[in-house]
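Since we're looking at a predicted model, the values are computed, not measured. All residue numbers in this chain count up from 1 along the given sequence.
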Amino acid sequence: MKRNLYILLTLLFCTSSVQAQLMQPKTTFTRADTLRGTLTPLRTCYDINYYHLDVKVDIDNKFISGSNEFAFTAMEDFDKLQFDLFENLKVEKVVYKGSDLPFTREFNAVFVTFPNTIRKASKEKFKVYYSGHPVVAKNAPWDGGFIFKKDKSGKPWVSVACQGFGASSWWPNKDHQSDEVDSVLISISAPAGLKSVSNGRLRSINKRPDGYTQFNWFVSNPINNYNVTFYIGDYTNWKDEYQGEKGKLTLDYWALKTDSAVAKPHWDQDVKPMLKCFENWFGPYPFYEDGYKLVHAPHLGMEHQSAVAYGNQFKNGYLGKDLSGSGYGLKFDFIVIHESAHEWFGNNITSKDVADMWIHEGFTNYSETLYTEMQSGKTAGTAYVTGIRNNIENDIPIIGPYGVNKEGSGDMYYKGANLVHIIRQLINNDDKFRAILRGMNKTFYHQTVTTATIENYIAKESGLKLDKIFDQYLRHADIPVLEYKIDNGKLHYRWQSAVKGFDMPLKVSLKKKSFDYIYPGSDWKSTKVASSIGEQEFKIDANFYIAVKNVK
């Protein structure tokens with residue numbers, strides 16, 4: 001899997017379009033990275049309350065133009081702030097109370113100066129007018145940007161995928177995950193004869209004098225910037241509903257007219273069972289007010305909040321492949337399950353810094369195991385989660401460097417899922433494990449969090465000492481090694497670990513056909529084993545992702 005970057009991206013990191021746009025190796029960071037990734041006083045001084053994004057998409061010329069209104073609350077006194085917009089897009093003007101504001105640019109950061117001090121707790125707004133040719137993705141969604149394609153009948157099919165790459169690649173905003181806007185009106189103008197679908201609920205459709213049609217979609221829940229999106233095409237729409245934990249959840253399906261006949265039965269197989277499974281494990285769908293939409297996209301997929309992007313060619317598995325090698329990965333459509341699970345982990349609970357993206361991807365990747373369990377039983381779930389280990393690289397730590405808009409290893413997916421699975425084994429009570437997953441989504445409902453927040457919550461609610469386990473699997477590349485030997489009816493064992501004092505309990509076969517806990521530390525310990533257990537018969541419970549070394 002290390003043969004080249006293409007294989008790395010398409011095989012190892014294929015579980016989500018998120019990885020596709022991140023996971024680019026980088027050893028040095030620039031001033032531009034710091035401006036994008038760091039929360040400076042010019043960003044923390046204001047809290048975003050509302051955007052009105054109004055964009056016209058000129059498909060023929062691959063050109064966009066429009067505006068975005070920022071409504072904010074001042075968190076302190078200030079007279080200057082930063083917003084973000086890629087430098088290939090032109091800021092036409094910034095208007096505040098009817099007057100143009102002076103601004104300067106440094107890379108993709110724009111600095112606006114106000115004529116008077118904006119006082120703490122005051123609510124203000126300004127509007128940015130802009131235009132230009134957005135970056136066109138070379139191989140969406142892996143590299144990020146606009147996607148201009150044609151459907152089977154030759155009609156335009158356009159969208160954008162920008163996680164990691166940056167929402168500021170196509171619209172001006174405060175481009176940092178820590179500050180989710182409370183609500184947003186997304187107005188997308190598309191050429192006549194085409195429909196535009198965005199997040200939230202459709203408020204109105206307006207015919208413009210230039211022949212374009214404006215579609216106005218309103219999102220009433222907090223949303224992170226990379227989730228704000230649109231899809232333009234010759235779409236057909238059908239509706240359904242799901243009786244969920246909070247009542248009636250509206251379901252909207254948008255497929256190209258050329259593919260609607262195959263889309264409907266294919267999507268029907270997984271969407272309602274998925275919602276039933278995830279509401280059971282994670283709690284109510286987090287965005288009842290905005291509904292659930294599945295939208296046919298001209299790229300593989302993305303967890304666009306309340307408008308999930310789907311491009312898996314109406315196949316089970318990942319483009320017809322089983323990422324686990326267990327056979328169970330072909331029993332569901334990977335993109336429907338994985339990207340929808342992000343509504344809970346990634347969209348409801350969002351990491352403040354992309355360095356902590358494992359919070360999104362580890363739990364979401366584990367959702368596939370839970371769905372497999374629901375379909376085929378617990379043994380099948382174990383086969384799935386252990387099977388995906390073949391995709392783990394153990395190259396660099398899962399947590400990335402903070403403050404420079406950089407994630408850690410792509411192992412945040414498969415290794416992250418196996419970390420969650422280990423914690424489930426240690427809790428050893430599925431009712432309690434389920435309560436913790438539901439409790440996370442309730443406690444951190446519509447919030448941004450850090451790794452420390454999640455670690456502390458799970459440790460507190462489980463009653464377990466998990467700090468060294470989190471350190472080992474999140475902050476170090478290697479997995480722990482159990483060293484052991486068996487002689488004279490005794491098992492001798494200890495951990496070799498990058499974490500000092502690593503002491504994770506472990507289930508092993510001390511007698512045939514059963515597993516018992518041992519409690520290794522960094523020093524050798526020993527315990528009796530059945531006479532029938534020798535070097536060949538000794539086994540580790542497969543639910544624990546570790547390395548094993550016989551040191552006899």
Side-chain angles (χ1 to χ4, degrees), residues 16 18 177-178 180 182 199-200 219-224 226-227 242-251 271-293 303-308 336-353 356-371 373-374 381 412-413 416-417 419-421 423-424 427 429-464 466 470:
S16 168
V18 172
Q177 282 187 183
S178 64
E180 295 187 335
D182 300 324
N199 316 80
V219 182
S220 61
N221 287 287
I223 184 171
N224 57 58
Y226 75 81
N227 268 324
Y242 175 74
Q243 292 298 325
E245 291 193 12
K246 290 178 67 175
K248 183 178 74 174
L249 172 63
T250 60
L251 309 179
V271 170
K272 287 185 179 179
M274 172 273 297
L275 290 167
K276 180 179 180 181
C277 177
F278 293 166
E279 284 209 330
N280 173 66
W281 280 102
F282 306 147
Y285 175 76
F287 309 107
Y288 269 73
E289 300 83 356
D290 294 323
Y292 172 89
K293 286 195 297 296
E303 66 265 26
H304 294 143
Q305 183 174 309
S306 72
V308 174
V336 172
I337 301 308
H338 183 94
E339 304 300 352
S340 296
H342 273 305
E343 294 282 48
W344 285 265
F345 293 97
N347 300 349
N348 184 39
I349 302 174
T350 307
S351 66
K352 290 181 182 291
D353 193 299
D356 287 334
M357 284 285 285
W358 81 274
I359 297 169
H360 300 197
E361 300 303 343
F363 289 97
T364 293
N365 202 273
Y366 195 64
S367 73
E368 301 154 25
T369 296
L370 296 175
Y371 191 69
E373 276 190 25
M374 185 203 73
M412 69 176 79
Y413 294 77
L419 168 60
V420 175
H421 193 60
I423 292 170
R424 180 182 181 183
I427 291 171
N429 180 325
D430 275 357
D431 288 338
K432 191 172 186 178
F433 177 65
R434 173 174 168 267
I436 289 172
L437 296 177
R438 290 175 64 93
M440 287 170 61
N441 278 280
K442 182 177 181 180
T443 302
F444 308 115
Y445 183 72
H446 294 175
Q447 292 182 33
T448 60
V449 300
T450 66
T451 288
T453 303
I454 297 302
E455 288 183 75
N456 292 336
Y457 181 85
I458 295 174
K460 178 177 181 295
E461 296 301 314
S462 68
L464 299 175
L466 299 171
F470 280 119

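Residue Lys246 qualifies as enclosed at atom NZ: its count of foreign heavy atoms under 6.0 Å is above 12.
Counting heavy atoms from C-beta outward, Ile436 and Ser462 have side chains that approach closer than 4.5 Å. No side-chain heavy atom of His360 sits under 4.5 Å from any side-chain heavy atom of Ile349. A 4.5 Å side-chain heavy-atom check between Gln177 and Met357 finds at least one atom pair inside the cut-off. Within the 4.5 Å cutoff, no side-chain heavy atoms of Tyr288 are placed close to those of Lys248. Under the 4.5 Å side-chain criterion, counting only non-hydrogen atoms from C-beta, Val308 is in contact with Glu343. Between Met440 and Ile454 there is a side-chain heavy-atom pair separated by less than 4.5 Å.
When all heavy atoms are compared, the tightest approach of Thr443 to Gln447 is O-NE2, 3.1 Å. Here the closest non-hydrogen pair linking Asn199 and Ala307 is CA-CB, 3.9 Å. Listed here is the closest heavy atom pair of Gly381 and Thr369: O-CG2, 3.4 Å. For Cys277 against Met374, the heavy-atom pair with the smallest separation is CB-SD, 3.4 Å. Taking every heavy atom of both residues into account, His304 and Asn227 meet most closely at CA-OD1, 3.2 Å. Across Arg438 and Pro284, no two heavy atoms sit closer than the pair NH2-CD, 4.4 Å.
Aromatic rings of Tyr457 and Phe444 (six-membered ring for Trp) have centroids within the 6.0 Å cut-off, being under it. Between Tyr413 and Trp358, the gap from one ring centroid to the other reaches at least 6.0 Å. Aromatic pair Phe287/His446: ring centres closer than 6.0 Å.
Taken from CD1 in Ile223 to CG in Asp290, the straight-line distance is 8.0 Å, to the nearest 0.5 Å. Remark: Asn224 CG to Asn347 CG distance equals 6.0 Å, nearest 0.5 Å. To the nearest 0.5 Å, atoms CG (Leu370) and CG (Asn365) are separated by 10.5 Å. Between Phe433 atom CZ and His421 atom NE2 the span is 9.0 Å, to the nearest 0.5 Å. To the nearest 0.5 angstrom, Glu303 atom CD is 7.5 Å from Thr364 atom OG1. Atoms CG and OH, from Leu275 and Tyr242 in turn, are 6.0 Å apart once rounded to the nearest 0.5 Å.
Side-chain polar atoms of Thr450 and Lys352 form no donor-acceptor pair below 3.5 angstrom. Between the side chains of Glu180 and Thr448, no donor-acceptor pair is found at a separation under 3.5 Å.
Panel note: side chain Asp356, backbone Val449; no donor-acceptor pair is recorded below 3.5 Å. Looking at Glu279, its side chain does come within 3.5 Å of a backbone N or O of Glu245 through a donor-acceptor pair. Here the side chain of Gln305 pairs a donor or acceptor atom with the backbone of Pro222 at under 3.5 angstrom. Without hydrogens or angle criteria, Ser367 side chain to Ala341 main chain gives no donor-acceptor distance under 3.5 Å. Within the 3.5 Å criterion, the main-chain N or O of Lys276 finds no donor-acceptor partner in the side chain of Asn280.
Scanning for ring pair (Phe, Tyr, Trp, His ring centres under 6.0 Å) contacts around Phe278 gives Phe282, Trp344, with sequence neighbours left out.
Ion pairing of Glu373 with Arg424 is present here, as a side-chain N (NZ or NE/NH1/NH2) and a carboxylate O approach within less than 4.0 Å. The pair Lys460-Glu455 does not count as a salt bridge, with every side-chain nitrogen at least 4.0 angstrom from each carboxylate oxygen.
Ring planes of Tyr292 and Tyr285: perpendicular class, angle over 60° (limits at 30 and 60°).
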CA sep, side-chain torsions, deciding dist, call: Thr250, Lys293, side-chain contact (heavy atoms from CB on, under 4.5 Å) = CA-CA 8 Å; Thr250 60; Lys293 286 195 297 296; over 6 Å; no
Please walk me through it: do Phe470 and Thr451 pass side-chain contact (heavy atoms from CB on, under 4.5 Å)?
-> CA-CA 9 Å; Phe470 280 119; Thr451 288; over 6 Å; no
